[in-house]
Participant: 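Sharing a structure with you now.
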Amino acid sequence: MTDVTLDTIANLAKKRGFVYPASEIYGGLRSSWDYGPLGVELLRNVRQAWWQAMVTGRDDIVGLDSAIIQAAEVWVASGHVDSFTDPLVECTSCNNRFRLDKLEDEHQCPNCGKRDSFTSPKQFNLMFKTFMGPVEDEGSTVFLRPETAQGIFINFANVVRTARMRPPFGIAQIGKSFRNEITPGQFVFRTREFEQMEMEFFVPPAEAEEWYRYWLEERRNWYLSLGMKEENLRLRAHEKDELAHYAAGCSDVDYRFPWGWDELEGIANRTDFDLKAHAERSGQDLRFYDQATDERYYPYVIEPAAGLTRSAFAFLLDAYHEEEVRGETRVVLRLHPRLAPIKVAVLPLSKKPELMEVAQQIADDLRPHWNIEIDVTQSIGRRYRRQDEIGTPYAVTVDFDSLEDQAVTVRDRDTMEQERVPMAGLVDHLTGRFAGLL
Ligand code: ATP
């Protein structure tokens, strides 16, 4: 196993086009990041794997895409306006600001080292505020959503009515969320703009505990099914004093990041807190009507809430591998094929027109099936190195023999084994290799 540092991954991500610092030409923002050609594919693949596992692969969960900007009342009812806060302290010596609950030592400034220099903590609201429409006054204040979950709760009755769902059932959503974090950092781990993958599972209250246990296992298994190493994952139940005011239980799926265990996803039993709160504030009846028993009730909610950008980062860390090959260090991202941005690279040995023509034909044949890249720059060794570093599972090399034997070499990223395969059967061959993995 390779212990990878944050800098190593951040450098590789930048060098190869996964992640760039946002507004880099203006000095960078530090709290947001732009995803490059490979990063955008990685995010799409993680998103797709989650959607497949949570929505299209099941018959008890449906999807939703709600607006980022909602009525301000949504965030009053949910409790975010009053209590979505972090304790902020400022060092009176160096004027840096910190989140008190994340400090290693509450008495020492991690920036300048001064002891007992902090101001008393102020509750800082993490929501981004803006104005809707041309008048900037109190009445036009709106918020960028700090989580996608509330968009689901306020559409509960719509979905029940139109999708004819009945508990136990879920509504899933993927999208951007915004939090004015006091201390963004650790690369894309904590940013002020990020993407979440959340699902609210509505159940009869008596079944809540059972479904909570069910989702803990399901969610942990999802990371494992995408190749994350078991020793880098753990489930951690929250202590009673850590629980949010609405939660009857909460556990995190933690990943072993370079700085230690930290949260990838939270799975909470949110009880009937949110539906009740919105029912009260809006005056709408948000209970579920059970025809079978002629009863109306508020379902309990089990919520697995994951970070898309944060888990993509964890998948990168987990896949990073260095090994000695013939006296040189080979860096390889052992990404699960489903997550790999490029599935197959086509590499003509030289830029000679006769090889380029064959390579182009192969690329055209493969493209309808997989995301492929044809790479003609630099030496073949360097091109293999690049494909290893971006996690491409297979490279197809077209050489001068190909013109004679109508065959190409398929190289496996992980074993580096090479196999000669007839061009006419290449799509079938690769389909076989990817079977059950994509
Ligand atoms: P923390 O206590 O670390 O601030 P949280 O417990 O408030 O986070 P949740 O509200 O449970 O986080 O959010 C669910 C998931 O969304 C998190 O597990 C994480 O993967 C992701 N997430 C939350 N905040 C951020 C952020 N600032 N940047 C990137 N991802 C985030």
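Just follow the structure's listing: the first ligand is 1, and inside any ligand the first atom is 1.
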Participant: Tell me, which protein residue and heavy-atom name are nearest atom 1 (P) of ligand 1, and how many Å apart are they?
Facilitator: Arg190 NH1, 3.6 Å

Participant: Does ligand 1 have any atom that is closer than 4.0 Å to a heavy atom of Glu147?
Facilitator: no

Participant: Is it true that Glu322 and Thr329 share a donor-acceptor pair across their side chains at a distance under 3.5 Å?
Facilitator: no

Participant: What atoms of ligand 1 come within less than 4.0 Å of a heavy atom belonging to Phe189?
Facilitator: 28 (N), 29 (C), 30 (N)

Participant: Which pairs pass ring pair (Phe, Tyr, Trp, His ring centres under 6.0 Å) with one or both residues in residues 16-45, sequence neighbours excluded?
Facilitator: Trp33-Phe187

Participant: List the closest protein heavy-atom neighbour of atom 22 (N) of ligand 1: residue, atom name, distance to the nearest 0.1 Å.
Facilitator: Phe194 CE1, 3.5 Å

Participant: Verify the neighbour count for atom CZ of Arg44: are there more than 12 heavy atoms of other residues, nucleotides or ligands below 6.0 Å?
Facilitator: no

Participant: Do Thr392 and Glu373 have side-chain N/O donor and acceptor atoms under 3.5 Å apart?
Facilitator: no

Participant: Any luck finding a side-chain donor-acceptor pair between Ser78 and Gln150 under 3.5 Å?
Facilitator: no

Participant: Ignoring hydrogens and geometry beyond distance, is a side-chain donor-acceptor pair present between Ser311 and Tyr223 at under 3.5 Å?
Facilitator: no

Participant: So Phe124 and Asp86, do their side chains get closer than 4.5 Å, heavy atoms only?
Facilitator: no

Participant: Atoms of ligand 1 less than 4.0 Å from Glu181 heavy atoms?
Facilitator: 24 (N), 26 (C), 27 (N)

Participant: With a cutoff of 4.0 Å, is Arg99 in contact with ligand 1, counting heavy atoms of the residue only?
Facilitator: yes

Participant: What residue and atom, counting heavy atoms only, is the protein's closest point to atom 16 (O) of ligand 1, and at what distance?
Facilitator: Gln196 NE2, 3.1 Å

Participant: Considering distance alone, does some N or O of Val188 sit under 3.5 Å from an N or O of ligand 1?
Facilitator: no

Participant: At what distance is the nearest protein heavy atom to atom 12 (O) of ligand 1, and which residue and atom is it?
Facilitator: Arg179 NH1, 3.5 Å

Participant: Does a donor on one side chain sit under 3.5 Å from an acceptor on the other, for Glu195 and Ser177?
Facilitator: no

Participant: Looking only at protein heavy atoms, which one is nearest to atom 21 (C) of ligand 1, and what is the separation?
Facilitator: Gly307 CA, 3.7 Å

Participant: Give the numbers and elements of all ligand 1 atoms closer than 4.0 Å to a heavy atom of Glu263.
Facilitator: 6 (O), 11 (O), 12 (O), 17 (C), 18 (O)

Participant: Going by the order shown, which atoms of ligand 1 are within less than 4.0 Å of some heavy atom of Glu265?
Facilitator: 18 (O)

